[in-house]
Peer 1: 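What follows is a structure written as structure tokens; I'll ask about it next.
What you see below is based on every heavy atom in this structure, not just the backbone, and it leaves out hydrogens, waters and symmetry mates.
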Amino acid sequence: MAKEKKPSSPLKREAINYAKSAATFGLAGSDTVDRLKKVAGHLSKKKVARIETFSQAVERQDLTEADIQRRQREIKAAADLVLLMSILFLSLTVIGTIRDWSFMLVSLFCVGSAWTVCEALVWRFRYDQVRCRELFGFRDWLLGRRTGEFK
């Protein structure tokens, strides 16, 4: 007897186990097993990355130049606001450390500053994509390299 290959994903294993138990309890005649097989099949499919340029994305979303300019201003405002919040959290972290505030409060400010710095990076990345009118990867932007296509 051949040894069965175990599914790689835990969700797929659960779906198969549920299908087996459904068949055991007489539910095999219903569409439960078929639905679970479809779910397991969708989980095993590989997603294909879509590669498109900025102009293709603009065409796909039917955007005008005014829409792009408005969105660029919105993203810039959000990036600036999050940057100000990160400066506020960083200064509160430093002040709290110097003034001997409670550890819980200083750690809360530290987590808040880390989160807002990450958000500021993301918003600035989005702003640069719209400003340069090209889609590039985050790593390429962070390292100063731009590929011209989004992967």
Side-chain angles (χ1 to χ4, degrees), residues 5-22 30-151:
K5 183 180 175 186
K6 291 197 173 205
S8 59
S9 111
L11 188 58
K12 190 174 181 180
R13 279 195 301 270
E14 283 297 317
I16 290 172
N17 288 338
Y18 184 76
K20 286 179 183 177
S21 65
S30 69
D31 61 342
T32 306
V33 176
D34 295 331
R35 287 182 184 176
L36 289 172
K37 285 181 182 178
K38 284 182 184 178
V39 168
H42 287 299
L43 292 174
S44 64
K45 290 182 182 175
K46 300 270 184 196
K47 290 186 179 180
V48 177
R50 181 174 66 199
I51 298 175
E52 66 181 354
T53 63
F54 189 85
S55 59
Q56 290 171 338
V58 167
E59 183 179 314
R60 179 175 50 87
Q61 295 180 6
D62 197 26
L63 298 174
T64 63
E65 186 62 31
D67 293 334
I68 295 171
Q69 290 294 327
R70 189 187 79 249
R71 185 62 181 152
Q72 183 177 352
R73 285 191 304 272
E74 291 171 358
I75 292 172
K76 177 71 170 143
D80 291 344
L81 179 67
V82 173
L83 184 64
L84 287 174
M85 287 175 48
S86 65
I87 291 170
L88 174 71
F89 272 114
L90 284 169
S91 62
L92 286 173
T93 303
V94 170
I95 291 169
T97 305
I98 293 171
R99 296 239 175 188
D100 257 352
W101 289 352
S102 71
F103 175 74
M104 184 183 295
L105 192 60
V106 172
S107 62
L108 180 67
F109 288 143
C110 187
V111 168
S113 64
W115 178 75
T116 53
V117 165
C118 291
E119 281 295 315
L121 279 173
V122 169
W123 281 104
R124 183 61 194 198
F125 165 68
R126 290 178 184 154
Y127 173 73
D128 281 346
Q129 279 187 328
V130 175
R131 184 176 55 89
C132 295
R133 303 286 198 270
E134 66 177 306
L135 300 178
F136 39 81
F138 184 74
R139 185 185 330 163
D140 294 331
W141 172 78
L142 200 59
L143 297 175
R145 303 181 306 231
R146 296 188 180 141
T147 62
E149 58 187 28
F150 181 69
K151 293 184 180 180

Peer 1: For the atom pair CD1 (Ile95) and CG (Leu90), what is the distance rounded to the nearest 0.5 Å?
Peer 2: 11.0 Å

Peer 1: I'd like to check Trp141 versus Gln129 (side-chain heavy atoms, cut-off strictly below 4.5 Å). Are they in contact?
Peer 2: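 No, too far: nothing below the 4.5 Å cut-off.
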
Peer 1: Can you measure from CZ (Arg60) to OG1 (Thr53) and round to the nearest 0.5 angstrom?
Peer 2: 10.5 Å

Peer 1: Can you list the residues that meet the salt bridge (Lys or Arg N to Asp or Glu O under 4.0 Å) rule with Glu74, with sequence neighbours excluded?
Peer 2: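 In terms of salt bridge (Lys or Arg N to Asp or Glu O under 4.0 Å), with neighbours along the sequence ignored, Glu74 is linked to Arg70, Arg71.
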
Peer 1: Could I get the full list of side chain to side chain contact (heavy atoms under 4.5 Å, CB included) partners for Val58, not counting sequence neighbours?
Peer 2: Phe54, Leu63, Ile68

Peer 1: What closest approach, in Å, do Gln56 and Glu52 show between heavy atoms, and which atom pair accounts for it?
Peer 2: OE1-CA, 3.1 Å

Peer 1: According to salt bridge (Lys or Arg N to Asp or Glu O under 4.0 Å), who are the partners of Arg126, at least two apart in sequence or on a separate chain?
Peer 2: none

Peer 1: Quick one: closest heavy-atom pair of Asp128 and Arg131, and the distance?
Peer 2: OD1-NH2, 3.0 Å

Peer 1: The criterion is side-chain hydrogen bond (donor to acceptor under 3.5 Å, both in side chains); which residues satisfy it with Ser102, sequence neighbours excluded?
Peer 2: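 Ser102 satisfies side-chain hydrogen bond (donor to acceptor under 3.5 Å, both in side chains) with no other residue.
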
Peer 1: CG of Leu105 to SG of Cys110: how many Å apart, nearest 0.5 Å?
Peer 2: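 Leu105 atom CG to Cys110 atom SG measures 11.5 Å (nearest 0.5 Å).
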
Peer 1: Suppose the criterion is salt bridge (charged side-chain N to carboxylate O under 4.0 Å, His left out): which pairs have a residue in residues 79-94, not counting sequence neighbours?
Peer 2: Lys76-Asp80

Peer 1: Got a sec, which residues hit side-chain hydrogen bond (donor to acceptor under 3.5 Å, both in side chains) with Arg73, two or more places apart in sequence or on another chain?
Peer 2: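 None.
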
Peer 1: Under the side-chain hydrogen bond (donor to acceptor under 3.5 Å, both in side chains) test, which residues partner Ser107, sequence neighbours left out?
Peer 2: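 Once residues adjacent in sequence are excluded, Ser107 has no partner under the side-chain hydrogen bond (donor to acceptor under 3.5 Å, both in side chains) criterion.
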
Peer 1: Going by side-chain hydrogen bond (donor to acceptor under 3.5 Å, both in side chains), name the residues that satisfy it together with Gln69, two or more places apart in sequence or in a different chain.
Peer 2: Glu65

Peer 1: Output every pair passing salt bridge (charged side-chain N to carboxylate O under 4.0 Å, His left out) with a member in residues 94-119, not counting sequence neighbours, ordered by first then second residue.
Peer 2: none

Peer 1: Sequence neighbours left out, what passes side chain to side chain contact (heavy atoms under 4.5 Å, CB included) with Val94? Give chain and number order.
Peer 2: Ile98

Peer 1: Taking only residues two or more places apart in sequence, or in another chain, which ones meet Ala114 in a side chain to side chain contact (heavy atoms under 4.5 Å, CB included)?
Peer 2: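 Checked Ala114 against side chain to side chain contact (heavy atoms under 4.5 Å, CB included); zero matches.
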
Peer 1: The criterion is side chain to side chain contact (heavy atoms under 4.5 Å, CB included); which residues satisfy it with Phe89, sequence neighbours excluded?
Peer 2: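 Counting only residues at least two positions away or on another chain, Phe89 forms a side chain to side chain contact (heavy atoms under 4.5 Å, CB included) with Phe109, Ser113, Thr116.
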
Peer 1: Looking at OG1 of Thr64 and CG of Asp67, how far apart are the two atoms once the value is rounded to the nearest 0.5 Å?
Peer 2: 3.0 Å

Peer 1: Please check if the number of heavy atoms outside Arg139 that lie under 6.0 Å from its CZ is greater than 12.
Peer 2: no

Peer 1: For the residue pair Trp101 and Leu92, what are the closest heavy atoms and their distance?
Peer 2: CZ3-O, 4.0 Å

